[in-house]
Amino acid sequence: MDYQDAIARLGIGSAHPGGFHTTEYWMDRVELRANDRVLEVGCGTGRTACALYERFSCDIIGVDLHPMMIEKARQRANQASVPVHFQRVAKGKLPFSASSFDVLVAESVTVFNPINAQLHEYKRVLKSGGMIIDTEMCAAASLPQEVADEFKRFYKARAVPTIKQWKAHYENTGFSDVRILLSAPVSHSPLSADVYDPFMQPTMDERAQEVMAIAEENDRVMRMFGKWLQYAVIIGRNS
């Protein structure tokens, strides 16, 4: 079991930095149309995708690697009676044709993947002029090796760029009009970023002790190293 498994079992709907309040913040400031086709990469348990449909009535697909996440996302969509489609994907290339989507959303996903390759996939599946909305963990400054090693060990984050470096990654991939909609310190643990979710219930079975051990380890890591972290909402356009 790893951090992502624990998130799925704990039933946290918005484990990304800033929680669902940050999701609501950017939703209040972007304009989506009912005929927009939207892809959420790393949709988790579907909270953001369902909220996007409820607000904008878009055509939305959510994808995730984790089977329990997808199962719970489908349950959420059924319970909310929203026509959001969820599917499990494998690591690597997204299973969609080029220029398939008007909008792509990612919340604390890109940092856990080879960043440049992931951004090129975002660019590939977005239409020309399509919008990217990405909420990501950032380093407040260049990380000491001890901190970088700990984030790689526990969160599987291959690298944690600064906000300036994130912006450069996007621009170097060919995105335009890249801007930071919001940035703030990570002042709390991602595992407790948004514990209250009206839909989700923890999956507590014979592996509950493992889940609790990971939650405790997460709290330890954040107490020791959280001061090095910020998060940012990055907006850009596919040139």
Side-chain angles (χ1 to χ4, degrees), residues 13-65 69-70 73-74 76-77 80 82-89 92-113 115-137 163 166-167 169-183 231-239:
S14 300
H16 53 277
F20 194 65
H21 295 303
T22 294
T23 302
E24 292 179 312
Y25 180 92
W26 64 252
M27 283 198 300
D28 286 341
R29 289 160 177 80
V30 299
E31 293 185 11
L32 275 67
R33 301 160 298 183
N35 63 344
D36 279 339
R37 193 162 188 239
V38 181
L39 174 66
E40 185 184 7
V41 178
C43 63
T45 60
R47 190 176 190 185
T48 293
C50 290
L52 280 168
Y53 179 82
E54 288 168 347
R55 183 174 295 211
F56 298 108
S57 300
C58 303
D59 177 10
I60 303 175
I61 297 175
V63 299
D64 203 283
L65 302 175
M69 296 284 199
I70 292 298
R74 288 171 177 166
R76 183 195 296 274
V82 295
V84 179
H85 177 69
F86 295 101
Q87 69 182 76
R88 188 183 177 194
V89 295
K93 191 173 181 179
L94 293 165
F96 303 106
S97 302
S99 304
S100 292
F101 297 95
D102 301 286
V103 180
L104 189 147
V105 174
E107 293 182 309
S108 197
V109 173
T110 315
V111 75
F112 299 114
N113 292 276
I115 290 172
N116 289 331
Q118 191 76 4
L119 295 186
H120 277 95
E121 269 300 277
Y122 295 166
K123 182 173 173 59
R124 183 184 69 82
V125 300
L126 270 174
K127 296 177 182 178
S128 178
M131 178 168 57
I132 178 84
I133 306 162
D134 190 3
T135 300
E136 292 295 340
M137 186 165 61
I163 291 176
W166 271 116
K167 192 169 184 288
H169 278 306
Y170 267 93
E171 291 172 342
N172 291 340
T173 304
F175 286 91
S176 60
D177 301 324
V178 180
R179 59 193 175 95
I180 306 303
L181 186 66
L182 170 70
S183 65
Y231 68 93
V233 179
I234 307 159
I235 305 281
R237 292 281 177 182
N238 188 17
S239 300

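The structure presented is a predicted model; accordingly, all values stated were derived computationally and were not measured.
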- Message: Applying side-chain contact (heavy atoms from CB on, under 4.5 Å), can you list everything that pairs with A80, at least two apart in sequence or on another chain?
- Response: E54, V82

- Are any side-chain N or O atoms of R88 and backbone N or O atoms of L65, one a donor and one an acceptor, separated by less than 3.5 Å? yes

- Gap separating the CE atom of M69 from the CG atom of D64, nearest 0.5 angstrom: 5.5 Å

- Task: Begin from the C-alpha positions of M27 and L52 and carry the test side chain to side chain contact (heavy atoms under 4.5 Å, CB included) through to its verdict.
- Result: CA-CA 8 Å; M27 283 198 300; L52 280 168; 3.6 Å; yes

- Message: Which residues pass the side-chain contact (heavy atoms from CB on, under 4.5 Å) test with P95, not counting sequence neighbours?
- Response: Q87, V89

- Query: Side chains of R74 and I70: closer than 4.5 Å at any heavy-atom pair?
  - Reply: yes

- CZ/F175 to CG/L126 distance, rounded to the nearest 0.5 angstrom? 5.5 Å

- Message: Are I180 and V233 packed together at the side-chain level, in the sense that at least one heavy-atom pair is separated by less than 4.5 angstrom?
- Response: no

- Message: Within the 4.5 Å heavy-atom criterion, are T45 and R76 side-chain neighbours or not?
- Response: yes

- Task: Output the distance between atom CD (E31) and atom CG (D36), rounded to the nearest 0.5 Å.
- Result: 10.5 Å

- Query: Where is the tightest heavy-atom contact between G62 and C43, given as atom of each residue plus distance?
  - Reply: C-SG, 3.6 Å

- Query: Among all residues two or more places apart in sequence or in another chain, which pass the side-chain hydrogen bond (donor to acceptor under 3.5 Å, both in side chains) test with S239?
  - Reply: S176

- Would you call I132 and N238 a side-chain contact if the rule is heavy atoms closer than 4.5 Å? no

- Test side chain to side chain contact (heavy atoms under 4.5 Å, CB included) on L39 and Y122 and set out the steps. CA-CA 10 Å; L39 174 66; Y122 295 166; over 6 Å; no

- Query: Taking the six-membered ring of F56 as reference, does the NZ or CZ atom of R33 fall below 6.0 Å from its centre and within a 45° cone about the axis?
  - Reply: no

- Query: Step by step, would you call I234 with L181 a side chain to side chain contact (heavy atoms under 4.5 Å, CB included)?
  - Reply: CA-CA 6 Å; I234 307 159; L181 186 66; over 6 Å; no

- Query: In chain order, what residues pass the salt bridge (Lys or Arg N to Asp or Glu O under 4.0 Å) check against K93, with sequence neighbours excluded?
  - Reply: none

- Message: Using side-chain heavy atoms (C-beta onward) and a distance below 4.5 Å, is I61 in contact with E40?
- Response: no

- Identify, with sequence neighbours excluded, every residue that meets salt bridge (Lys or Arg N to Asp or Glu O under 4.0 Å) alongside R55. D28

- Query: Is it true that R37 and D102 make a salt bridge, defined as a side-chain N closer than 4.0 Å to a carboxylate O?
  - Reply: no

- Query: What salt bridge (charged side-chain N to carboxylate O under 4.0 Å, His left out) pairs are there with at least one residue in residues 117-126, not counting sequence neighbours?
  - Reply: E121-R124

- Query: Among all residues two or more places apart in sequence or in another chain, which pass the ring-ring contact (aromatic ring centres under 6.0 Å, His included) test with F86?
  - Reply: none

- Across all chains, not counting sequence neighbours, the side-chain hydrogen bond (donor to acceptor under 3.5 Å, both in side chains) partners of N35 are none

- Message: I'd like to check the side-chain hydrogen bond (donor to acceptor under 3.5 Å, both in side chains) partners of D59; sequence neighbours left out, ordered by chain and number.
- Response: none

- Item | Side-chain donor/acceptor of N172 to backbone N/O of H169, under 3.5 Å | no

- Message: For T135, is there any backbone N or O sitting under 3.5 Å from a side-chain donor or acceptor partner on W26?
- Response: no

- Task: Using the test ring-ring contact (aromatic ring centres under 6.0 Å, His included), find all partners of F96 that sit at least two apart in sequence or belong to another chain.
- Result: F101

- Please walk me through it: do T22 and Y231 pass side chain to side chain contact (heavy atoms under 4.5 Å, CB included)? CA-CA 10 Å; T22 294; Y231 68 93; 3.3 Å; yes

- Task: State the OG1-CD distance between T48 and E107, to the nearest 0.5 angstrom.
- Result: 3.5 Å

- Taking the side chain as every heavy atom from C-beta outward, state whether V38 and Y53 have any pair of such atoms under 4.5 Å apart. no

- Item | Pairs where residues 17-27 contributes a residue and the test salt bridge (charged side-chain N to carboxylate O under 4.0 Å, His left out) is met, not counting sequence neighbours | none

- Message: Restricting to side-chain hydrogen bond (donor to acceptor under 3.5 Å, both in side chains), what partner residues turn up for E136, sequence neighbours left out?
- Response: T110

